[in-house]
Protein chains: 2
Amino acid sequence: MHQSGKTSFQDVRDEVIHRIQSGIWPQGTLLPTEVELAEEFGCARATVNRALRELAENGVVDRKRKSGTRVNTAPVKQAKIEIAIVRHSVEEQNAIYRYALVHKEITAIPPWLAAQLDLPITHKVMYLKCMHYADNRPYQFEERWVNIDAVPTILDADLVETGPNEWLLSVVPFTDAQINFCAVGADADLSEFLSTPTGTPVFQLERTTWLQNKPVTFVRMTYHPGYRMSTSY
Amino acid sequence: MHQSGKTSFQDVRDEVIHRIQSGIWPQGTLLPTEVELAEEFGCARATVNRALRELAENGVVDRKRKSGTRVNTAPVKQAKIEIAIVRHSVEEQNAIYRYALVHKEITAIPPWLAAQLDLPITHKVMYLKCMHYADNRPYQFEERWVNIDAVPTILDADLVETGPNEWLLSVVPFTDAQINFCAVGADADLSEFLSTPTGTPVFQLERTTWLQNKPVTFVRMTYHPGYRMSTSY
DNA sequence: ATCGCGCATATACCCAGACATAATATCAAT
DNA sequence: ATTGATATTATGTCTGGGTATATGCGCGAT
C-alpha cells in the first residue's frame, strides 16, 4: 500500500511472489482466479490482472484463458544483455576511451556473407576495421560490413572521428538483430591488434541487423583476452 | 482494431512504432500527451497509457511525469538470453541427450569461492563435476559447488540419474543470479572431458545464484569447442 | 545570480463495470 | 465410440471516471 490505503498491483505482485517462494504455492499450483484474488486483497480485478500479467511476462506464472493461472514449473529464466555502445562501456569503467579507424574500403560482398544475408554476390559493401582502446590498452577489435544499399549516406560519413557503430545507431534505427557469442583463437589480425599471441582464446560477438527485412550491417566484435561479459537477473 | 471497431492498445503501440521508424517522430521528439493521443485515436487514455508503457519497458521511449514521453535517443537494445536446461537445448537440436556424473564430494569451500560468496572458509560445500553429451559427443562440462546450508536435502539426492541443475531447479526456486561469459583455453580437465587439445578456445558461462541473499550455488559450464550461443531481438 | 517554494501539468495508478475471446466441459446426435 | 454443437468460465481488454505523485517552471526572497 503506497497510496492512501489502497492495495497496489505491486503489493499483489509481491505477495504472490512471496507465496511462491515460501512454498505456499509450489510449482504447478493453480492459483485462485482474478476475481477471488481481487476479493482477498480488496482491490479491483484490473489490479490483480496487472500484477499477474507482469509475473507472466517474467515467466513466473503461466496464464491461459479458462484454465487459469499456474505457477511455472520450469521458469525460463532469461538474462538480459545490454548491448551498449563500446564507448559507454569503457567510460563506465572510468577508463579513457580512444577509437581508431584502421581500414575502410568499398568492395564486393564476401560470398559467405552474401549467403548469410541473402544478397547477390555482386553486391557492394563497405568493409571496415576499427579498434577501440581503454586507457590506451586494446579493448575491442571491430570488423564490419555495411550494406551500402540500405545506408547510402555512409559513403559521405566521416568515420574517423566517430565509430561506425555510433554513427549507424544515430542514423538507421534498425528493427531486428541476431546475435552470436563464441570463443575463438586469435588469428593474425586479432593477434596484431589485440597485442596477444596467435591462438589466444578471445571472446567474440557477432551481430547482424536488419531494417524491416533489409540487411543493414554485419559486425564481428572481438574483445581483449580475459574479457568477461556479465549480467544479472 | 481486432475487436468490434475499437482501437486496441496494440493498434496505438504499432502506430507509434511506425511513426518513429518512418521518421515522423525522429529521435528525441516529444510526443503528444496521453490525452491528445487518446483523442486522436478515439480511445480511452488508459489504452494509450498501456501502449506507451509497453514501449517504455522495451526502451523505445522514455517517460517522465510532467515532462512527457520522448523518443529514446540511445535505444538501449537488450538481448534476452534464455538460460535453458542443458537437456532441453540438446533435445531441441534433435540430438540424443546423455548425462554422466563424474565426481561428487563433500569438501571445504575453496578460498576463492568463499570470498566470492561471502561465506566463511570453513564452510562445507558439495563439489560436483558432470558431463552432458549430445549424440554421445561432448556438449558441456559442468563444474558446480553447492552450498549445503542452503540446500541440505541435496545430501540425499540421487544425482546420477538427473543432473544437479535440473534437480536444483525443481527444488530451490532461486531469486537472483549473476552470470558471466568468457572465453578460456582448455585446461587439463576440460581437454580430457571435451576431447580437445589443451589450450583450445572454449566458451564458458559462470553463474552464481542466490535465494534471498543466501548463496545457493556457483556453476561453471564450459561448452565444446565451436559452440555458439545465439539470440535475437 | 542563486536558492527555495508553490503551482501547473503529465504520467502513474486505481476502480467498477462491460464485452471479447479462447479453452474446456457437457451433452446430444451420429 | 466419435463427432459436433453449446454452455460455461477464466483471462484479455476497453471505457471513463477518479486520485496520487513527481517534476519543470516561474516567482519572489536572499
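Just so we're on the same page: letters track the sequence lines, and every chain starts at 1. Everything numeric in this text was worked out from a predicted model, so none of it was measured.
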Candidate pair A:Tyr139 and A:His132, rule ring pair (Phe, Tyr, Trp, His ring centres under 6.0 Å), full reasoning: CA-CA 6 Å; A:Tyr139 185 81; A:His132 303 269; 8.1 Å; no

Provide, to the nearest angstrom, the distance between the [atom1] atom belonging to [X] and the [atom2] atom belonging to [N].
X       : N      : atom1 : atom2 : value
A:Leu31 : D:dT11 : CG    : P     : 8 Å
B:Phe9  : D:dT11 : CZ    : C1'   : 13 Å
B:Leu37 : D:dG16 : CG    : P     : 16 Å
A:Glu39 : C:dC15 : CD    : P     : 14 Å
B:Arg70 : D:dT23 : CZ    : P     : 15 Å
A:Arg50 : C:dC15 : CZ    : P     : 12 Å
B:Lys64 : C:dA12 : NZ    : P     : 12 Å
A:Phe41 : C:dC14 : CZ    : P     : 13 Å

Distance-only donor-acceptor test, A:Arg45 side-chain atoms vs D:dG12 base atoms, 3.5 Å: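 Yes, the side chain and the base share a sub-3.5 Å donor-acceptor pair.
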
Is any side-chain N or O of [X] closer than 4.0 Å to OP1 or OP2 of [N]?
X       : N      : answer
B:Arg53 : C:dT11 : no
A:Gln10 : C:dA12 : no
A:Arg65 : D:dT9  : no
B:Asn49 : C:dA12 : yes

Partner residues of B:Glu34 under the salt bridge (Lys or Arg N to Asp or Glu O under 4.0 Å) criterion, sequence neighbours left out: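 Applying salt bridge (Lys or Arg N to Asp or Glu O under 4.0 Å) to B:Glu34 gives B:Arg45, B:Arg63.
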
B:Glu36: partners by salt bridge (Lys or Arg N to Asp or Glu O under 4.0 Å), with sequence neighbours left out: none

Compare the minimum distances between each of [options] and the side chain of [X], then state the nucleotide with the smallest one.
X       : options                : result
B:Ala44 : D:dT15, C:dC14, C:dT11 : D:dT15
B:Ser8  : C:dT24, D:dT11, D:dC14 : D:dC14
A:Glu34 : D:dA22, C:dC13, D:dT11 : D:dT11
A:Ser67 : D:dT15, D:dA22, C:dA23 : C:dA23

Test: A:Arg207 and A:Glu142 ion pair at under 4.0 Å: no

Presence of salt bridge, B:Glu143 and B:Lys129, under 4.0 angstrom: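 Salt bridge flag = no for B:Glu143 with B:Lys129.
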
Position toward the 5' end of DNA chain C (nearest nucleotide), A:Thr47 or B:Gly68: B:Gly68

